[in-house]
Amino acid sequence: MSHTLFLQTPANFDFKRTVLSHGWCELLPFEFDQEQWTLSTVIRGEKPISVKVRAAEKSLQIELPEQLSPQDQTALLSAVSHIFRFDDDLQEFYDLTRDEPHLAWLGEQNAGRLLRSATVFEDLVKTICTTNCNWALTRIMVTNLVEKLGEAAPGGKKAFPSPQAMAAVPVEFYKAEIRAGYRAAYFRELAERIAGGELQVEDWLTTDLPTPELKKELKKIKGVGDYAAENLLKLLGRYDGLALDSWLRGQFYKKYNDANPCDDKRIRTHYERYGKWRGLVIWCEMTEKWL
DNA sequence: GCGTCCAGGTCTACC
DNA sequence: GGTAGACCTGGACGC
């Protein structure tokens, strides 16, 4: 029997801006329904559970297929808070951008919370899936990972696979079944290191390491270069890096350089004045029209 | 139908 | 530290 929970949202929270903050809502286990304005996903706790989330009065309304134990309910609400970035205090970001006419909308619309996955591991794998390919292939790889390695929740929808599940299949599986190409060995190695306890990527959420040091740690992972590391850092709440990729560069060229290419140094100089918030400023600026 | 290019880059070898 | 070339794949495009 279905069950509904409500989770109070922070004061400066916007459901739609968060859901459409970047492409993650299009990648399984997320499923976005633009007509109903709901975001579904599968949370992998003690056992996978599918949830459907929509905006309600000063809260999120969360539909579940069944009532949970108090312990499981607490864990689920914590996961939803994590996904929707309730912990991210953006007041300083809004104060910084309020007086700039082209950025004042950020605070007015409560923009800037970047949707993230239930775990750092999932965000890490998905980020590697965005490198050196088009968005269609990213979606194919993530869909295959979820459909072929994810554990099913009651109702049949699947969660993102655990490191253990990903460590249990050979490199050839990633090539033939996931269509991961040269990334196959990266995924297998990453999953093995995490499943074996050598690498604790979830600790990156709370580490005291300065951002440059943390970025070095991220780049030790095969398949993670400057773009991927800086993109992940954004999902960890650190916005110092621009995470420049071909799409973001192209948007900058159109907006500020008559659609002509320029070097990255010029882009970095343009955003330098936003300090530790520059990565969030460029992303929000280039995706303003997504909503 | 076929070949080429490129996309939400990174790695390695070499200088 | 900087750079050229290789790397999987699938979709768009030109012919």
Side-chain angles (χ1 to χ4, degrees), chain A residues 19-28 30 32 112 114-117 122-148 166 169-191 193 199 201 212 214-236 238-257 259-268 271 278-291:
Chain A
V19 170
L20 288 183
S21 54
H22 60 137
W24 258 211
C25 67
E26 296 180 12
L27 300 179
L28 289 179
F30 286 127
F32 171 51
L114 304 180
L115 188 75
R116 65 183 166 196
S117 306
E122 184 175 331
D123 279 336
L124 175 54
V125 173
K126 284 177 174 173
T127 297
I128 294 173
C129 287
T130 67
T131 58
N132 194 27
C133 64
N134 58 23
W135 185 245
L137 182 55
T138 298
R139 294 185 71 170
I140 288 169
M141 286 188 278
V142 174
T143 297
N144 286 335
L145 283 169
V146 172
E147 294 296 342
K148 299 184 179 188
M166 285 185 63
V169 292
V171 171
E172 278 310 313
F173 181 89
Y174 289 98
K175 290 183 178 173
E177 300 292 328
I178 307 299
R179 312 304 294 166
Y182 68 89
R183 303 169 196 81
Y186 301 166
F187 290 146
R188 164 73 193 208
E189 181 185 324
L190 174 65
R193 290 179 65 197
L199 184 65
V201 296
L214 183 54
K215 185 178 173 184
K216 282 182 190 169
E217 289 299 307
L218 269 55
K219 287 183 69 175
K220 286 179 184 172
I221 292 169
K222 287 277 184 65
V224 176
D226 276 325
Y227 151 76
E230 291 178 0
N231 187 61
L232 265 168
L233 284 167
K234 288 183 183 180
L235 299 178
L236 296 170
R238 304 183 189 224
Y239 306 103
D240 317 43
L242 299 182
L244 292 175
D245 55 24
S246 57
W247 184 84
L248 203 52
R249 288 186 182 95
Q251 296 302 309
F252 182 88
Y253 303 155
K254 283 184 207 167
K255 195 173 181 72
Y256 290 112
N257 209 39
N260 297 312
C262 60
D263 59 20
D264 290 353
K265 190 179 174 187
R266 162 130 194 248
I267 304 177
R268 292 201 183 87
Y271 289 97
R278 54 186 174 249
L280 196 53
V281 171
I282 185 173
W283 184 256
C284 290
E285 196 178 6
M286 299 309 167
T287 58
E288 179 185 358
K289 305 300 182 192
W290 280 14
L291 189 61

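Chain A is the first sequence line, chain B the second, and so forth, proteins listed ahead of strands; every chain is numbered from 1.
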Asks: How would you label the contact of Arg249(A) with the nucleic acid (heavy atoms, under 4.0 Å): base, sugar-phosphate, or nothing?
Replies: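 Nothing, no heavy atom under 4.0 Å.
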Asks: On DNA chain B, nearest-nucleotide positions of Asn231(A) versus Lys220(A): which is more 5'?
Replies: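 Closer to the 5' end of DNA chain B: Asn231(A).
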Asks: Under a 3.5 Å cutoff on both atom distances, Watson-Crick or G-U, what's the dot-bracket for DNA chain C ([ ] crossing, | other strand)?
Replies: |||||||.|||||||
Asks: Taking the six-membered ring for Trp, does Trp135(A) stack with dG8(B) (centroid gap under 5.5 Å, planes within less than 30°)?
Replies: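 Here the ring of Trp135(A) and the base of dG8(B) are stacked, with centres under 5.5 Å and planes under 30°.
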Asks: From dC11(B), dG8(B), dC8(C), pick the nucleotide closest to the side chain of Tyr186(A)?
Replies: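 Of the options given, the side chain of Tyr186(A) lies nearest dC11(B).
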Asks: Between dG8(B), dA7(B), dG10(C), spot the one nearest the side chain of Arg179(A), thanks.
Replies: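 Output: dG10(C).
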Asks: Identify which nucleotide among dA7(B), dT10(B), dG8(B) has an atom closest to any side-chain atom of Asp226(A), counting heavy atoms from C-beta outward.
Replies: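 When the side chain of Asp226(A) is considered, dT10(B) is the closest of dA7(B), dT10(B), dG8(B).
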Asks: If you check every side-chain atom of Ala228(A), which of dG10(C), dT10(B), dG9(B) has the closest atom?
Replies: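 Nearest to the side chain of Ala228(A) among the choices is dT10(B).
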Asks: NA contact type, Leu137(A), heavy-atom cut-off 4.0 Å: base, sugar-phosphate, or nothing?
Replies: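 Touches a base.
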Asks: What is the nucleic acid contact for Gly23(A), judged by heavy atoms within less than 4.0 Å: base, sugar-phosphate only, or nothing?
Replies: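 Result for Gly23(A) = base.
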Asks: I want to verify a distance call: between dC7(C), dG8(B), dC11(B), whose nearest atom is closest to the Tyr227(A) side chain?
Replies: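 My answer, after comparing the listed nucleotides, is dG8(B).
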Asks: Under 4.0 Å, counting only non-hydrogen atoms across every strand here, what does Ile128(A) touch: a base, just sugar-phosphate, or nothing?
Replies: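 No contact at all - Ile128(A) keeps every heavy atom at 4.0 Å or more from the nucleic acid.
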Asks: Please determine whether a side-chain nitrogen of the Lys or Arg among Asp226(A) and Lys219(A) lies less than 4.0 Å from a carboxylate oxygen of the Asp or Glu.
Replies: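 Salt bridge present between Asp226(A) and Lys219(A).
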